[in-house]
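Notes follow once the structure below has been shown.
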Amino acid sequence: MEVVKTDCGLCINCCGVNAYVEDGKLVKVEGMPEHWLNKGELCPKGARLVDLVYSPARLKHPVKRVNGRFQKLSWDDALGEIGAKLLELKEKYGAHTLATWTGSVGVEHFEMAAFNQRFRGAYGTPNFFNPEGICFRSRILARQITFGRYPIEEPVNANCIILWGRNPDESYWPVGRQVRERVKNGAKLITIDPRRTPISKLGIYLQPRPGTDGAIALAMMHVIIEEELWDKPFVEKWTSGFDRLIEHVREYTPEKAEVVSSVPAAEIRRVARIFATTEGACILEGVGHMNQFTNGLQTNRAFAILQAITGNVDVPGGWVTCPQIRLADLRLPIKENSLGYDEYPVYHQFGKRPPPYGSASMMTETMRSGKPYPIKAFISSGSNPAVTFPDTKLFLEGIKNQELVVSIDPNMTETGQLADYVLPACTFLEETGIGGFPYGISYCEPYIMLRKKVIEPLYESKPIWLIWSELGRKMGYAEHFPWNTDEEVAEHFFSTSGVTVKDLTDHPEGVYFGKKEYRLFEKSGFGTASGKIEIYSPRMEELGFPGIPTHVEPEQSLMANPEIVKEYPEILLTGARRVEYIDAQMHDVPALRVVRPEAEAELHPVTARKYGIVHGELIGVETPRGSIKIKADVTENIKPGVVSVPHGWAEANCNILLDARLLDTVSGYITMNSVACRVVKLQS
Ligand SMILES: Nc1nc2c(c(=O)[nH]1)N[C@H]1C(S)=C(S)[C@@H](COP(=O)(O)OP(=O)(O)OC[C@H]3O[C@@H](n4cnc5c(=O)[nH]c(N)nc54)[C@H](O)[C@@H]3O)O[C@H]1N2
Ligand SMILES: Nc1nc2c(c(=O)[nH]1)N[C@H]1C(S)=C(S)[C@@H](COP(=O)(O)OP(=O)(O)OC[C@H]3O[C@@H](n4cnc5c(=O)[nH]c(N)nc54)[C@H](O)[C@@H]3O)O[C@H]1N2
Ligand code: SF4
Ligand SMILES: [Mo]
């Protein structure tokens, strides 16, 4: 049996994998013992990569919809027809008529987003979207606003860790292990979450009303200032706007925050003291969740300020700036701004150049309304927005208006079922590419590896970079797509990085491309306009938003909208992660399904009693936007009045409940948490 050392591209953690191959077939996977992160282990779904590759849902060849049914066609015909249609639509409506969308896989699968962007540049559309526009970009932006760069939490060295709206045991399995290890060695753990997660039992637990975390963070600052616990030399030398902060947080007393959040003032004081007086403290905020409510971006800003005033920046166990590898940039210049540029200036205009992704909340709305211009072609790759896009109804209305819909995916997904053409991509185990997650979103570890082809692409499937390249060549963009093999593509990406493909082949377990440095600011200051950490951001104010974060009520809360709450008195959370599944993927794997056979709505016994509901029965969950049926999981481990439903289940699709018009108006992010809902008893 041959062993190929590669990484797991199923989630952003990119754990090291030993893949065993016999007669060209993947027969087994194990964790790679020498990998820095997972050290020989895999999470339950990573351990099931064989099922991913040989899934019965794999699409074997390109298909086209004819009279409502899918028919097989050749790659040549499929790409020829799609290319011709795209050129026709460009002629008719202009290049901006094409919207392309890559999924969360487009983040950990580097080539996917890179080639998508190259193609859209060749075509000329500004419209490229990615879950960055509903997921973690907002946390990056909040840190860039504050520090002028993106420091990352470092739990492995922390002596105090706040899990703030984050449950890493399920969503960042290796981080969960790091946190548990650290706590075993004496670190203090604080969990702030409306759901009492198992890890929270290792420390102090606060149970807030969803969406009120900004008020808690501001009250913590109040305590830190009142009790003179801030890091005076650091604040004096490296921050600007602290005087304003003193004034600003005077009114944010813990007693007021208690009224808003329901967390006792004494607990807020206690947590503030521990956080401020423990050297090496970091907030591990939810990667997606803490961005996905009304006050998301400003809450992230408040966390950044807490790190700053306690001096927990660029020190072991705080938030640390990581060296970045410079991979070749495949983007071509785009003349037009993407959708949302004027509406969401913080998201689009804050940085030196706009993010490559448009505002996802505007994509579907434009597809539906044709305003400000018609979007008539939609290409989704590595995503299943029919299930995962927050507001299924709007997504379906947008799709109905399209003249061309293409899904590029290894599987026939729910999105594929809506498409005119479905093209089979291979999985990450069937192509060579970039592995080891090069951006350091979650780890300050300057580490990279080559993701290796373990087996040949199955059936007629192809690597995603090749699909975009061949489509581009069909359309007259051959000059932009000169690469012919996976290896040529990898060579090109690494050509600007200081690391060679040979280095990575010689070290299949990966290499370090840089060295982490603490107290980097002493050398290079901060990348903000003032060169200091901007507690108060003048630029935020210029763009029309408070320069220091404030508390903003969730749009559908009792205080903000009592009328809605009369009819929909509970608070909905969507998408708390489960380690067995990744977004809408892996639900068809029997070994995972036996562990977690169906979607369940968590609700407290007090909530259940109100509706006469017992554990295990099928219930309705409703919002003004829609309703779903789902099994009740009646549990003490959730705040009374809060209902939490998972995402990614086509058969109980929580995105039917969401409304893409409910936004964090600073970032333009769609609200997926702290939405008004009610529960319905189905049988009597
Ligand atoms: N196994 C698995 N791993 C995944 C994914 C997956 O689908 N499956 N998805 C990946 C993706 S795309 C992302 S973005 C990340 C998501 O990662 P995270 O956003 O960190 O998600 P979770 O770890 O589930 O933690 C979210 C927690 O936030 C809590 N929460 C919800 N609303 C609030 C609130 O208003 N205040 C507070 N304090 N807490 C709140 C929820 O109860 C939940 O326990 O996970 C990634 N990892
Ligand atoms: N209500 C609610 N909705 C949510 C969330 C929530 O918390 N609540 N979370 C949101 C977040 S944070 C995110 S990031 C999104 C995620 O949403 P998506 O990105 O749409 O989620 P996935 O189901 O992981 O889709 C990935 C697709 O990529 C395909 N794929 C896997 N490997 C490859 C490959 O190598 N090549 C190609 N071409 N395709 C591949 C898989 O088959 C799968 O269909 O969901 C969002 N939706
Ligand atoms: S946590 Fe699991 S799914 Fe994610 S990379 Fe590691 S093994 Fe793969
Ligand atoms: Mo995400």
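Whatever order the structure lists ligands and atoms in, that order sets their numbers, starting from 1. Keep in mind that what you see is a predicted model, and the values were worked out from it rather than measured.
- Close N/O approach between C654 and ligand 2 is not found [any backbone or side-chain N/O within under 3.5 Å].
- When S383, P410, A584 are checked for heavy-atom proximity to atom 40 (C) of ligand 2, P410 turns out nearest.
- Using a 4.0 Å cut-off between heavy atoms, L573 contacts ligand 1 through its side chain alone, with no backbone atom that close.
- Here's the thing with I192: one of its N/O atoms is less than 3.5 angstrom from an N/O atom of ligand 1.
- Given atom 19 (O) of ligand 1, the protein heavy atom at minimum distance is H289 ND1, 2.7 Å.
- Taking the ring centre of Y172 as origin, the terminal cationic atom of R166 falls inside the region bounded by 6.0 Å and 45° from the ring axis.
- Within the listing of ligand 1, atoms 22 (P), 23 (O), 25 (O), 44 (O) sit less than 4.0 angstrom from a heavy atom of N167.
- Within the coordination shell of atom 8 (Fe) of ligand 3, defined by N, O or S atoms under 2.8 Å, C8 is present.
- Heavy atoms of C426 approach ligand 2 to within less than 4.0 angstrom.
- Residue E580 places every heavy atom at 4.0 Å or more from ligand 1.
- A salt bridge links E132 with R137; the closest basic N to acidic carboxylate O contact falls under 4.0 Å.
- Both cation-pi conditions hold for R451 and F428: the charged atom is under 6.0 angstrom from the six-membered ring centre and inside a 45 degree cone around its axis.
- Contact analysis leaves S381 out of contact with ligand 2, as no non-hydrogen atom separation drops below 4.0 angstrom.
- The shortest N/O to N/O separation between T427 and ligand 2 does not fall below 3.5 Å.
- Residue T102 forms a side-chain contact (heavy atoms from CB on, under 4.5 Å) with just one option from I464, I408, N116, and that option is N116.
- Residue W173 places no heavy atom under 4.0 Å from ligand 1.
- Below 4.0 Å from some heavy atom of Y581 lie the following atoms of ligand 1, by number and element: 1 (N), 2 (C), 6 (C), 7 (O), 8 (N).
- The shortest N or O to N or O distance between H647 and ligand 1 is not under 3.5 Å.
- For G211, the closest heavy-atom approach to ligand 1 falls below 4.0 Å.
- Atoms of ligand 3 lying under 4.0 Å from any heavy atom of L42, numbered from 1 in the order shown and given with element: 7 (S).
- Of all the atoms in ligand 2, the ones that sit under 4.0 Å from a non-hydrogen atom of T413 are 44 (O).
- Close contacts of ligand 3 with K45, meaning ligand atoms under 4.0 Å from a residue heavy atom, involve 3 (S).
- Geometrically, ligand 2 and P385 share no nitrogen or oxygen pair separated by less than 3.5 Å.
- With atom 43 (C) of ligand 2 as the reference point, the heavy atom nearest to it among L657, D409, V645, T574 is part of D409.
- The shortest N or O to N or O distance between P208 and ligand 1 is not under 3.5 Å.
- Distances from atom 3 (N) of ligand 2 to the heavy atoms of L59, N384, N655 show the closest one on N655.
- With ring centers used as reference points, F128 lies 6.0 Å or more from W101.
- Heavy-atom separations between N38 and ligand 3 are all 4.0 Å or longer.
- Neither the backbone nor the side chain of T415 comes within contact range of ligand 2; no heavy atom lies under 4.0 Å.
- Proximity of S674 to ligand 1 is not established, as no heavy-atom distance is less than 4.0 Å.
- T415 places a side-chain N or O within 3.5 Å of a backbone atom of A386 that can act as its donor or acceptor partner.
- Judged by the 6.0 Å distance and 45° axis criteria, R118 is not positioned over the aromatic ring of W468.
- With a 4.0 Å cut-off on non-hydrogen atoms, A47 does not touch ligand 3 at all.
- Using a 4.0 angstrom heavy-atom cutoff, F136 does not count as in contact with ligand 1.
- Remark: distances from the non-hydrogen atoms of G103 to ligand 2 include one below 4.0 Å.
- In terms of protein heavy-atom proximity, atom 23 (O) of ligand 1 is closest to S171 OG, 2.6 Å.
- At least one heavy atom of M112 sits closer than 4.0 Å to an atom of ligand 2.
- Near C43, meaning under 4.0 Å from one of its heavy atoms, ligand 3 places the atoms 1 (S), 2 (Fe), 3 (S), 7 (S).
- At least one donor-acceptor pair under 3.5 Å links the side chain of N673 to the backbone N or O of T574.
- Per-residue contacts place L10 under 4.0 angstrom from the following atoms of ligand 3 (heavy atoms of the residue considered): 3 (S).
- For ligand 2, the polar-atom distance check finds no N/O of W101 at less than 3.5 Å from any of the ligand's N/O atoms.
- Protein heavy atom nearest atom 4 (Fe) of ligand 3, with residue, atom name and distance: C11 SG, 2.3 Å.
- Closest heavy-atom approach to atom 11 (C) of ligand 2 among the candidates H109, R577, E431, E132: R577.
- Nearest residue to atom 21 (O) of ligand 2 from T102, I467, D583 is D583 (criterion: closest heavy atom).
- Listed by number with element, the atoms of ligand 1 under 4.0 angstrom from any heavy atom of G286 are 19 (O), 20 (O).
- Annotation: atom 6 (Fe) of ligand 3 to nearest protein heavy atom, C15 SG, 2.3 Å.
- Under 4.0 Å from ligand 2, heavy atoms of Q585 appear from its side chain as well as its backbone.
- The closest approach between any non-hydrogen atom of C135 and ligand 1 is below 4.0 Å.
- Atoms of ligand 3 lying under 4.0 Å from at least one heavy atom of C14, given by number and element, are 5 (S).
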